[in-house]
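Note that the numbering runs from 1 along the sequence shown for the chain.
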Amino acid sequence: EVQLVESGGGLVQAGGSLRLSCAASGFSFDDAAIGWFRQAPGKEREKVSCISSRDGDLYVADSVKGRFTISKDNGKNTVYLQMNSLKPEDTAVYYCAAESSWDCLNVVAGLTMNFWGQGTQVTVSS
């Protein structure tokens, strides 16, 4: 059974930092693309970042570029999203998602990953 479990969300003041974790199991982590997405109330889901097993395959949305960093630990089957210089507009539920044998170009193209976590709330106060 595929499982993606996000953690690390919370309430932080503007300018602060959080690190989200996505612990994965039930699929070949080494051969998958893992993405972070977010959805704010009343808004469409937005792709934030993506990383895959292919060297240099990385995507970061313009809205978070220079502030958010995605990384993965294959030994722990975990993907992280380090979020610095947080802004109130970063407030959203953050989801991680995965798809086997993908690269991040599919995420950029808007294709939908099959496996999703339950989400973690990030709230940035002004």
Side-chain angles (χ1 to χ4, degrees):
E1 178 189 4
V2 173
Q3 282 195 323
L4 297 166
V5 180
E6 302 99 333
S7 61
L11 173 64
V12 64
Q13 287 188 331
S17 298
L18 285 173
R19 188 177 80 156
L20 304 184
S21 300
C22 173
S25 62
F27 63 97
S28 179
F29 186 81
D30 293 348
D31 186 35
I34 311 291
W36 283 101
F37 300 79
R38 67 186 182 185
Q39 189 163 21
K43 294 188 176 181
E44 291 189 355
R45 188 174 64 202
E46 176 188 12
K47 50 184 178 281
V48 176
S49 192
C50 175
I51 191 167
S52 80
S53 60
R54 292 157 178 76
D55 287 344
D57 187 25
L58 202 66
Y59 165 77
V60 182
D62 287 342
S63 57
V64 304
K65 200 165 288 183
R67 301 186 297 120
F68 291 13
T69 303
I70 191 170
S71 62
K72 63 186 300 199
D73 185 334
N74 287 334
K76 295 182 178 180
N77 280 15
T78 300
V79 171
Y80 303 98
L81 186 68
Q82 178 67 44
M83 307 186 296
N84 299 328
S85 302
L86 282 160
K87 303 175 181 180
E89 51 263 44
D90 295 319
T91 295
V93 178
Y94 284 70
Y95 300 90
C96 71
E99 185 63 58
S100 297
S101 302
W102 263 34
D103 57 40
C104 291
L105 285 177
N106 293 323
V107 173
V108 175
L111 299 180
T112 302
M113 292 175 152
N114 270 324
F115 307 116
W116 291 79
Q118 82 288 350
T120 186
Q121 176 71 46
V122 171
T123 303
V124 184
S125 63
S126 57

Tell me the disulfide (SG to SG under 2.5 Å) pairs involving residues 34-91, sequence neighbours left out? Cys50-Cys104
Could you note down all residue pairs passing disulfide (SG to SG under 2.5 Å) where residues 5-34 supplies at least one of them, sequence neighbours left out? Cys22-Cys96
Residue set satisfying side chain to side chain contact (heavy atoms under 4.5 Å, CB included) with Ser85, at least two apart, ordered chain then number -> Arg67
Exercise answer: donor-acceptor pairs, residues 70-80 side-chain atoms, under 3.5 Å, sequence neighbours excluded:
residue : atom : partner : partner atom : Å
Lys72   : NZ   : Asn74   : OD1          : 3.4
Asp73   : OD1  : Gly75   : N            : 3.0
Asp73   : OD1  : Lys76   : N            : 3.2
Thr78   : OG1  : Lys76   : O            : 2.8

Any pair counted as ring pair (Phe, Tyr, Trp, His ring centres under 6.0 Å), so long as it reaches residues 105-126, sequence neighbours left out: Phe37-Trp116
If the condition is side-chain hydrogen bond (donor to acceptor under 3.5 Å, both in side chains), which residues does [X] pass it with, not counting sequence neighbours?
{"X": "Thr123", "answer": "Gln121"}
{"X": "Asp62", "answer": "Lys65"}
{"X": "Gln39", "answer": "none"}
{"X": "Lys43", "answer": "none"}

Hey, quick one: are Leu4 and Tyr59 part of the same hydrophobic cluster, counting side-chain heavy atoms closer than 4.5 Å, chains of contacts allowed? no
Is there a chain of hydrophobic side chains (I, L, V, M, F, W, Y, each step under 4.5 Å between heavy atoms) that links Val107 to Tyr94? no
Backbone of Arg19 reached by a side-chain donor or acceptor of Gln82 within 3.5 Å: no
Thr120 side chain to Gly9 main-chain N or O, any donor-acceptor pair under 3.5 Å? yes
Non-hydrogen side-chain atoms of [X] and [Y] separated by less than 4.5 Å:
{"X": "Val122", "Y": "Met83", "result": "yes"}
{"X": "Leu20", "Y": "Glu6", "result": "no"}
{"X": "Leu81", "Y": "Arg38", "result": "no"}

Cluster partners of Leu105, using ILVMFWY side-chain heavy atoms under 4.5 angstrom, listed by chain and number? none
For Glu89, all residues meeting salt bridge (charged side-chain N to carboxylate O under 4.0 Å, His left out), sequence neighbours excluded: none
Side-chain donor/acceptor pairs under 3.5 Å, residues 11-18, sequence neighbours excluded:
residue : atom : partner : partner atom : Å
Ser17   : OG   : Asn84   : OD1          : 2.9

How far apart are the C-alpha atoms of Phe29 and Ile34, what are their side-chain angles, what is the distance that settles it, and do they pass the side-chain contact (heavy atoms from CB on, under 4.5 Å) test? CA-CA 9 Å; Phe29 186 81; Ile34 311 291; 4.1 Å; yes
